[in-house]
Amino acid sequence: MQKRLNHVAIIMDGNGRWAQQQGLSRLKGHEMGARAAKRVVQLAKDRSIPFLTLYAFSSENWARPQDEVEGLFNLLERFIAEEIDELNESGVRIRVIGDMSRFSDHLRGTIQRTMDLTRDNEALNLAIALNYGGRDEIVRCTRRLLEQGVKPDSVTEETISGMLDTSFMPDPDLLIRTGGEWRISNFLLWQLAYTEIYFTHTLWPDFGAEELDRAIQWYMGRQRRFGRTPEQVRGEDR
Ligand code: FPP
């Protein structure tokens, strides 16, 4: 039987290097990255993957040159404006994870309308991580717990999972990182505890069906043990 693949998360790295190789601006690289993101949303839906999370802007990305940060946010707003009808019609539910308190009212309004418009869709749950950092998420979660006066003894792993930005989805089964860097970069630190991680040198704008299927094939061949021995899981790994 096929192993379940409920949730794929992606660190979309390599837009800048792709642009440099082509003699284009970094922003053009991000634009092609947005096209790749659109492609992968459709591919995930076609492959009946229920949850897809894309790391679009980390809480550390504010340190980039101001024109790149502004360009990225303009691109994201444009992406939502231009693609929302098609995404909605194809049954994609969109949610944003991350700290939205730093965004303009305009962007917050756009995000809220997008989430409201697509809330009944079921074909694919797309989470876009924006101003997201795994450590920051855990800090925000801890603050909420303390504000609510939760008793120390009643805090369990489930309490924390249920308080994180990702409370509506299962932990990722597969993390893909493009761009030839072998690190997690503060993405989904809590949620990646037992995730299988696929690294590739492919730069994000070049990522498509072939590479996604290669990652899925690789994942299907993995034995997930969750702390148990190979003997214990043999025969039940699906
Ligand atoms: C990393 O490449 C990429 C980002 C920091 C931004 C990711 C954003 C997009 C793919 C576009 C918008 C996304 C959506 C969901 C519409 P990099 O700039 O670090 O590349 P480099 O390492 O080659 O410099």
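Each ligand, and each atom within it, is numbered from 1 in the order the structure gives. Model, not experiment: these values are computed from the prediction. We count residues from 1, following the sequence as given.
When each atom of ligand 1 is checked for a heavy atom of Asn61 under 4.0 Å away, the hits are 5 (C). Of all the atoms in ligand 1, the ones that sit under 4.0 Å from a non-hydrogen atom of Arg26 are 17 (P), 18 (O), 24 (O). Residue contact check: Gly33 has heavy atoms under 4.0 Å from atoms 10 (C) of ligand 1. The Gly16 neighbourhood of ligand 1 comprises atoms 17 (P), 18 (O), 20 (O), 21 (P), 23 (O), 24 (O), with distances under 4.0 Å to a heavy atom of that residue. The distance from ligand 1 to the heavy atoms of Asp13 drops below 4.0 Å at these ligand atoms: 1 (C), 2 (O), 17 (P), 19 (O), 20 (O), 21 (P), 22 (O).
If you look at Gln20 next to ligand 1, there are no close heavy atoms at all, none under 4.0 Å. With a 4.0 Å cut-off on non-hydrogen atoms, Leu203 does not touch ligand 1 at all. Residue contacts with ligand 1 for Arg64 involve side-chain atoms from C-beta outward but no N, CA, C or O (heavy atoms, distance under 4.0 Å).
Between Arg177 and Asp13 there is a salt bridge, with a side-chain nitrogen of the basic residue lying less than 4.0 Å from a carboxylate oxygen of the acidic one. Taking a cutoff of 4.0 Å between a charged side-chain nitrogen and a carboxylate oxygen, Arg113 and Asp116 do not qualify as a salt bridge. Ion pairing between Lys3 and Asp173 fails under the 4.0 Å rule for side-chain N and carboxylate O. Looking at Glu83 and Arg78, no side-chain N of the basic residue comes within less than 4.0 Å of a carboxylate O on the acidic one, giving no salt bridge.
Residues satisfying the ring pair (Phe, Tyr, Trp, His ring centres under 6.0 Å) criterion with His201, sequence neighbours excluded, are Trp182. Checked against salt bridge (charged side-chain N to carboxylate O under 4.0 Å, His left out), Arg143 has no partners two or more places apart in sequence or in another chain.
Under the 4.5 Å side-chain criterion, counting only non-hydrogen atoms from C-beta, Ile111 is in contact with Met100.
When hydrogens are left out, the protein atom nearest atom 8 (C) of ligand 1 is Ala56 O, 3.6 Å; that is the closest non-hydrogen contact. The single protein non-hydrogen atom nearest to atom 11 (C) of ligand 1 is His30 O, 3.7 Å, given as residue, atom name and distance. Taking atom 14 (C) of ligand 1 as the reference point, the nearest protein heavy-atom neighbour is Leu76 CD2, 3.7 Å. Among protein heavy atoms, atom 1 (C) of ligand 1 sits closest to Met12 O, 3.2 Å. From the protein, the heavy atom lying nearest to atom 15 (C) of ligand 1 is Ala37 CB, 4.0 Å.
Separation of the Phe73 and Trp62 ring centroids falls under the 6.0 Å cut-off.
Of the polar atoms of Asn15, at least one N or O is found under 3.5 Å from an N or O of ligand 1, judged by distance alone. Residue Phe79 has no N or O atom closer than 3.5 Å to an N or O atom of ligand 1. By the 3.5 Å distance cut-off applied to N or O atoms, Tyr55 is not counted among the residues near ligand 1.
The closest donor-acceptor contact from the side chain of Lys45 to the backbone of Leu124 lies at 3.5 Å or more, if one exists at all.
A cation-pi geometry, defined here as NZ or CZ lying under 6.0 Å from the six-membered ring centre and within 45° of its normal, holds between Arg95 and Phe168.
For the residue pair Arg102 and Ser59, no side-chain donor N or O sits within less than 3.5 Å of a side-chain acceptor on the partner.
For the pair Gly179 and ligand 1, no heavy-atom separation below 4.0 Å is found.
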